[in-house]
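First up is the structure itself, then whatever we jot down about it.
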Amino acid sequence: MDNRREFLKKAGAAAIGTAVVPGLVHGQTCAGATPGDGPGRDLLMGALQAARDAGASYADARLGRYRSQSVTTRERQVIGVSEAESFGIGIRALVNGSWGFAATRDLTQASVQAAARDAARTARAAVPFQKRPVVLAPVAPVVGTWQTPVERDPLDVPVEEKVALLLEANEAALTVKGVRFVNSSLSLLREEKTLATTDGTLTAQTFYRVSPEFTATAIATGDFQSYTHEIAPRGAGWEYVTGLEMAAHAAEWASLAVEKLSARSVEPGRYDLIIDPTNLWLTIHESIGHPTELDRAMGYEANYAGTSFIAPPDRHIGRLRYGRDLMNVRADRTQPGSLARCAWDDEGVPADEWLLVEKGLFKDYQTTREQAAWIAQLTGVTRSHGCAFADSWSSVTFQRMPNVSLLPGEEAIGLDEIVGATERGIVIKNRGSWSIDHQRYNFQFSGQTFYEVRNGKITAMLRDVAYQARTPDFWNSMDLIGGPASYWMGGSSNDGKGEPPQSNAVSHGCPPARFRGVTVVNTGRQS
Amino acid sequence: VSYQPPSRTELESLARRILSFSKADGCRVGIEASWHGNTRFAAGEITTAGVATDTEITITSTVGRRRASTTTNLLDDGSLRRAAELSERIAKLSPDDPELMPELPAQRYTAVDAYGASTAGLDAEPRAEAAGRVLELPDVKAPSLLAAGFIDATARATVVATSNGLFAHHQATEAEMSTTVRTPDGTGSGWASAGAREWSDIAPTTLGTRAARKALASRNPTPVEPGQYTVILEPHAVADLIRIMSSLSFDARQADEGRSPFSKKDGGNRIGEKVVDDRVTISSDPADPDLRARPFDAEGLPIDRTVWIENGVLKNLAYSRFWAQKQRKQPVVRAGPLGRAQTWNLKMAGGTKSIDDLVAGTARGILVTHFFYIRVLEPRTVLLTGLTRDGTFLVEDGKVSRPIKNLRWNESPLFMLNKIEDLGRAERTSAGIVLPAIKARDFTFTSVSDAV
């Protein structure tokens, strides 16, 4: 591709009038009310036709417009306010069973069609090194629009209001004696995505995601301790951010940083762990979410994110005992407020919900259209579970994690009741440091606050705690879980996978749970 | 077909045009025009391949003591005007920034040629052919090994321009290829990787052969008891640790504020103190022919040679312009990565020995190919946790005696750099990073991993 020529065409003032699709660049949205209308549709259709003409048996084109805003503060000042916008198109072409992809920010018909041909040419280059041609699971064509339900568009809220909300929280934290530093921030995203496929699908979706963060640091002579409150990022509007009442809670959060300075360093050993949902969601993400990705199990991520201990599928589906009977894990892209919620995935497959683990037994993986057939004979499921996602118009679609959640038990108990039923243990809250091996066996997770439990009561705050376990042993040691009222949904807006790395936003809900006899290490070494 | 970024003249005229739209007291324009081409292979075949071009403009406006920035990839005048106006509007809405530094005037930069034509020409066909060279390698095919990997080529032009007359321009390429080769029974895995400015400096078959041999040699590993071991870390494993250490701890403000291992107990930082073994010298230098890094940061501040640690003594920490002024020092730009472009500029001096030499001089130890999933446990000491991966071996009596199961470790690179036994030859692990293999004693492994 001769991008230089394109650039000149776009950057040269003389060509500006004709270079931009009228009504598309400055229009309010690309994912408008009716996906069948407008210049965006013409571009998408032009791309699909060009891919077909270049020999593609299937193609999809994704027009994406991403607008994000971030406000970052420390103590009594704003460190940065920034807003970013990115707009472009990505085209995927399947030629003789091989994939090719091309993306451009240049939204002229000529450039978009050239990209489509590039995608087809790239696919053709891969054909000599193909072992089994890609076969896509069937999907009914759909035309429709969807939007994350929000009361107030977070991008439209004035910056003053955002700055005030954060600085108020910082101010409240700084009233706590011993607290020297406070960092808080807001990341807000509006993502408009229009997908067209040669199967006849045309969908337009608008996603909102908000992610507030808060950390306080307390300093003592020769020591410092930080406390990061676990604020879940959500697929929601501004009303979620104000509903957190950060300023009202900031002093209480900041005082935990001070309390950590004098907390007792943990004695390493085996403990019963009572893990709060604010910590357990990430353990679910790493030790259940990732190993149940079918591309990992099949070796597609071997060079980077790794493979999975749940492989090969035929030896594990319906056979692997993940945990005891009380363990049920659901995957979905439907939970209200969740980060992975959508109406259709990036292949036009409707949002699904299904069980990965049922009564402790491993049942199914996460799939895309390409992957469904690989295990259809084992699961009886011939359609895709709708896990195709690309993080930008410039990124290729591949299998990404939906929301993966541990379902609560039937008994109406919560963290307090689990503490009450435990003789000797540690309560762990919020995410700290986390690390897991490339097959998702050996993990070590930390938290933000830790409490010693003796004879059914919390007796002291601990520090320097990390728990280390082997995934199947850990989940099989879970013997007590909270009820529906104790369910809480955490999440990550930055889950990395793939080469080049892509970021995925995903939520994980769970109740508090107890795990018996887990190894605890001390992270406070000094030399 | 070869990608050519927009020329310096074209970018300069674009930057000037954007600056002319600014009504702010000060304005800075950053431009990054990029091309990415990549090919993935796995399970013995090419799985995905793609190409993307983009041009991203960042406009930073200063109004009084207020500042904000906007980023857009819409290049028509109307969109650029709107982006400039938006950054001014957000700046006006923001509170005063007491740490705000005025935009820089014209600066002088070291000229660095970091653009490799062979990388900019790495289109879909030659990438597929390179993947094929690993997939079809006799070392891989004959024993039915499964090869996965990634080939990535990037070409970019970067510009920083300010309303005070600064103009900085740099173009660079980065090529990278890595491959993981696994045995069909899933008991062995080997990895090899190389990165350079020029694709022609990367040898796919060498990488494939190395990964395949490691895969076969690492079959059916058995565990060793966790504990403290002498380790021989190959350069990529060293890079995994040193990059994190430099990001976390080479900052003056963090140190001065009591939040770093280089904080003095009674305030201030430890510049001038001996912090690690005498043999450790770590530096950044854009003009170093081994590094060829960008000679300016996102503000247009020149990057010159900086020695971070010399013969074990902490010589420099990064100073932002504000912190430098406050502490009456010169600003020092960090080693990387700079902005969105993940470019590094880091070199650690090595010795003369090969990995084999290091193994031959070791009575008992563990040879590590690379690490995975490294996370910070304790920022006060840069205590990290992570795992070994894709080729971990026991060394006994100067020889690799057997493959061992992967291990989780909890260790600080700072502790490790105080326990050095020997250094290998320094080599480039990726564009902008050169490091040696390190042999160090008492590296702490805490548990066994069943992952292969």
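For the numbers below, each heavy atom of this structure counts, side chains included, while hydrogens, waters and symmetry mates do not.
- If you tally non-hydrogen atom pairs under 4.5 Å between each of B:Glu257, B:Lys419, B:Lys265 and chain A, the highest count goes to B:Glu257.
- Closest of all the heavy-atom pairs between A:Gln439 and B:Val452 is OE1-N, 2.8 Å.
- Note that CZ of A:Arg470 and OG of B:Ser449 are 9.5 Å apart. Values are rounded to the nearest 0.5 Å.
- A donor-acceptor contact closer than 3.5 angstrom is absent between the side chains of B:Glu378 and A:Thr523.
- Ion pairing of B:Glu125 with A:Arg124 is absent here, as no side-chain N (NZ or NE/NH1/NH2) approaches a carboxylate O to less than 4.0 Å.
- Under a 4.0 Å N-O distance rule, the pair A:Arg74/B:Glu99 does not qualify as a salt bridge.
- Proximity to chain A is absent for every atom of B:Asp266, based on heavy atoms less than 4.5 angstrom apart.
- Both the backbone and the side chain of A:Trp434 come within less than 4.5 Å of a heavy atom of chain B.
- With a 4.5 angstrom heavy-atom cutoff, B:Asn410 touches chain A via backbone and side-chain atoms both.
- Using a 4.5 Å cut-off between heavy atoms, B:Arg389 touches chain A through backbone and side chain atoms alike.
- Neither the backbone nor the side chain of B:Leu414 comes within less than 4.5 Å of any heavy atom of chain A.
- For the pair A:Glu160 and B:Arg66, the salt-bridge criterion is not met [side-chain N within less than 4.0 Å of a carboxylate O].
- Residue B:Val448 touches chain A through its backbone alone, counting heavy-atom pairs closer than 4.5 Å.
- At a 4.5 Å heavy-atom cutoff, B:Thr58 makes no contact with chain A through either its backbone or its side chain.
- Interatomic distance, B:Thr48 OG1 to A:Glu499 CD, rounded to the nearest 0.5 Å: 9.5 Å.
- Note that CZ of B:Phe372 and CG of A:Asp437 are 7.5 Å apart. Values are rounded to the nearest 0.5 Å.
- The main-chain N or O of B:Asn73 is found under 3.5 Å from a side-chain atom of A:Arg105 such that the two form a donor-acceptor pair.
- Looking at B:Lys264, neither its backbone nor its side chain comes within 4.5 Å of chain A, counting heavy atoms on both sides.
- Heavy atoms of B:Leu383 lying under 4.5 Å from chain A belong exclusively to its side chain.
- Ranked by heavy-atom pairs shorter than 4.5 Å toward chain B, the options A:Ser394, A:Ala125, A:Ser433 are led by A:Ser433.
- Of the N and O atoms on the side chains of A:Glu286 and B:Tyr373, at least one donor lies less than 3.5 Å from an acceptor on the other residue.
- Using a 4.5 Å cut-off between heavy atoms, B:Thr381 touches chain A through its side chain atoms alone.
- A donor-acceptor distance shorter than 3.5 angstrom exists from the side chain of B:Glu45 to the backbone of A:Lys131, with no hydrogens or angles considered.
- Using a 4.5 Å cut-off between heavy atoms, B:Phe415 contacts chain A through its side chain alone, with no backbone atom that close.
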